[in-house]
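To start, the structure under review is shown below, and the notes come after it.
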Amino acid sequence: MKTPLVSGIQPTGRLHVGNYLGALKNFVDLQNLGRYDCRFVIVDLHALTEHITQKEQRRNILELAADFLAAGIDPKKSIFFQQSQVPAHAELTWVLSSLTPMGELNRMTQFKDKADRHGANVGLFTYPVLMAADILLYDSKVVPVGEDQLQHLELARTLARKFNERYGRTFVEPKPLLTEAPRVMNLLNPAKKMSKSDPNGCVFLDDEPNVVANKVRRAVTDSGSEIIFDPVGKPALANLLRIYAAVGSTTVKRLESRYRGVGYGTFKRELGDVLVEHLAPMRERKKKFMRDPAKLRRVLERGSKQANKIAGDKFADVRKKLGLSL
Ligand code: AQP
């Protein structure tokens with residue numbers, strides 16, 4: 001039997017190399033391993049915590065659907081769907097929120113960080129509970145995410161345990177699955193994670209080749225000129241090496257020996273070339289998908305139907321356990 005796996009991405013703007021190397025690329029690799037029952041979700045309810053217009057929201061959902069398909073998510077192998085079309089996500093959130101102590105949410109670093117930027121709304125505060133519902137509805141044993149989501153995932157584990165203790169075994173406690181690049185850092189500031197709220201420090205998946213090359217050329221590097229992997233002493237270079245290894249299908253060790261005695265300039269130029277080469281086919285495929293939005297809608301509709309079946313059955317069980325089914 002295959003292992004159930006779920007993960008999602010918010011439709012809140014263009015995807016960057018951090019989202020790709022921490023999450024999306026891994027989704028595709030895991031899907032293609034054939035060992036997992038994969039469910040990938042566009043978490044559009046999460047996106048409501050940022051105040052996006054109707055037009056932007058619709059556009060962002062379609063763009064993200066195109067990104068998933070362009071990266072290699074195959075709706076024949078994975079259930080690929082839209083969160084808002086599966087009501088059990090919102091319903092289970094309410095149930096789980098009654099089990100969530102305020103203190104658990106108060107300490108979430110992403111809330112503190114995003115509240116500073118977007119203003120604190122209640123949705124942003126309870127965001128991790130909705131994320132727990134996204135995961136627990138599908139009996140997911142593993143959740144591929146970037147490192148920034150570990151705290152949220154821990155809450156999902158806690159809530160599964162609490163519910164099971166109180167109402168009988170219902171949910172699986174999910175485990176995270178990290179990539180070799182679980183926290184891609186901002187190209188202009190290696191102390192901050194790459195994040196779309198600081199676009200200058202991001203390489204976006206649909207950046208034109210010259211833009212990608214320029215961004216890599218302008219990336220900050222550390223003092224000294226040796227190409228060695230030293231996350232403490234040379235954090236900016238360590239970040240570039242991790243990105244290079246991931247997109248170049250190689251290892252940091254091999255890169256160190258290949259660039260021994262070579263300067264930062266050559267290293268960055270070649271990293272730029274490798275990134276451009278890796279991203280270009282995806283960018284072209286995305287353009288093609290975006291020319292056929294009806295197809296994107298059909299794919300999501302079909303996936304949402306499949307997800308509704310699984311999540312609906314799970315929530316029916318939850319209702320029964322809670323004494324809500326008479
Ligand atoms: N820098 C990163 N390195 C590795 N993984 C990352 N992820 C995000 N940033 C990095 C992972 O991408 C997946 C989708 O994340 P999300 O939907 O939560 O996107 P986000 O947090 O809105 O993305 P940003 O760019 O980080 O947004 P802002 O600017 O709003 O903070 C997740 O698995 C996440 O771990």
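Counting convention: from 1, in listed order, for ligands and their atoms alike. No experiment lies behind these values; they were computed from the predicted model shown.
- At the top of the distance list for atom 18 (O) of ligand 1, counting protein heavy atoms only, stands Gln149 NE2, 3.6 Å.
- Between Phe81 and Tyr138, the ring planes are tilted. Angles from 30° to 60° get that label.
- A heavy-atom separation below 4.0 Å is found between Lys114 and ligand 1.
- The two residues Pro144 and Val6 have their closest heavy-atom pair at CD-O, 3.6 Å.
- A donor-acceptor pair under 3.5 Å is absent between the side-chain atoms of Thr221 and the main chain of Leu237, judged by distance alone.
- The pair Arg14-Asp207 counts as a salt bridge, with a side-chain nitrogen and a carboxylate oxygen less than 4.0 angstrom apart.
- Nearest protein heavy-atom contact of atom 9 (N) of ligand 1 is Lys193 NZ, 3.1 Å.
- Contacts between His46 and ligand 1 below 4.0 angstrom, taking non-hydrogen atoms only, are absent altogether.
- Closest heavy-atom approach to atom 35 (O) of ligand 1 within the set Asp148, Ile9, Asn19: this belongs to Asp148.
- Those atoms of ligand 1 with a heavy atom of Gly22 less than 4.0 angstrom away are 4 (C), 5 (N).
- For ligand 1 and Val184, the ligand atoms under 4.0 Å from any heavy atom of the residue are 1 (N), 2 (C), 3 (N), 4 (C).
- The shortest N or O to N or O distance between Gly18 and ligand 1 is under 3.5 Å.
- Of the protein's non-hydrogen atoms, Lys196 NZ, 2.7 Å is the one closest to atom 22 (O) of ligand 1.
- Comparing Ser195, Gly146, Cys202 against atom 11 (C) of ligand 1, the shortest heavy-atom distance belongs to Gly146.
- Under 4.0 Å from ligand 1, the heavy atoms of His16 that appear belong solely to its side chain.
- Of the protein's heavy atoms, Arg117 NH2, 3.2 Å lies nearest to atom 31 (O) of ligand 1.
- Between Asn186 and Gly201 the shortest heavy-atom distance is OD1-CA, 3.1 Å.
- In terms of modelled atom types and a separation under 3.5 Å, the side chain of Gln110 and the main chain of Tyr127 share no donor-acceptor contact.
- In terms of protein heavy-atom proximity, atom 17 (O) of ligand 1 is closest to Gln10 N, 2.8 Å.
- Contacts between Ser197 and ligand 1, counted as non-hydrogen atom pairs separated by less than 4.0 Å, involve both the backbone and the side chain.
- Distances below 4.0 Å separate heavy atoms of Val145 from the following atoms of ligand 1: 33 (O).
- Residues Glu270 and Arg258 are paired through a salt bridge, judged by an N-O separation under 4.0 Å between the basic side chain and the carboxylate.
- Salt-bridge check for Asp317 with Lys321: passed, with a basic side-chain N closer than 4.0 Å to an acidic carboxylate O.
- Under 4.0 angstrom from ligand 1, the non-hydrogen atoms of Pro182 all belong to its backbone.
- Met194 CE to His16 NE2: the interatomic distance, rounded to the nearest 0.5 Å, is 7.0 Å.
- Close N/O approach between Ala181 and ligand 1 is not found [any backbone or side-chain N/O within under 3.5 Å].
- Residue pairs meeting the salt bridge (Lys or Arg N to Asp or Glu O under 4.0 Å) criterion with at least one partner in residues 121-145, sequence neighbours excluded, are Asp139-Lys314.
- Of the N or O atoms in Met194, one or more lie within a sub-3.5 Å distance of an N or O in ligand 1.
- Judged as a salt bridge (Lys or Arg N to Asp or Glu O under 4.0 Å), not a single pair has a partner in residues 290-303 (not counting sequence neighbours).
- Of all atoms in ligand 1, numbered sequentially from 1 with element shown, those under 4.0 Å from a heavy atom of Ala23 are 12 (O), 13 (C), 33 (O).
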- request: Determine, stepwise, if the pair Asn26 / Thr179 fulfils side chain to side chain donor-acceptor pair (under 3.5 Å).
  value: CA-CA 7 Å; Asn26 201 24; Thr179 67; 5.7 Å; no
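- At a heavy-atom cutoff of 4.0 Å, ligand 1 is contacted by the backbone of Arg183 but not by its side chain.
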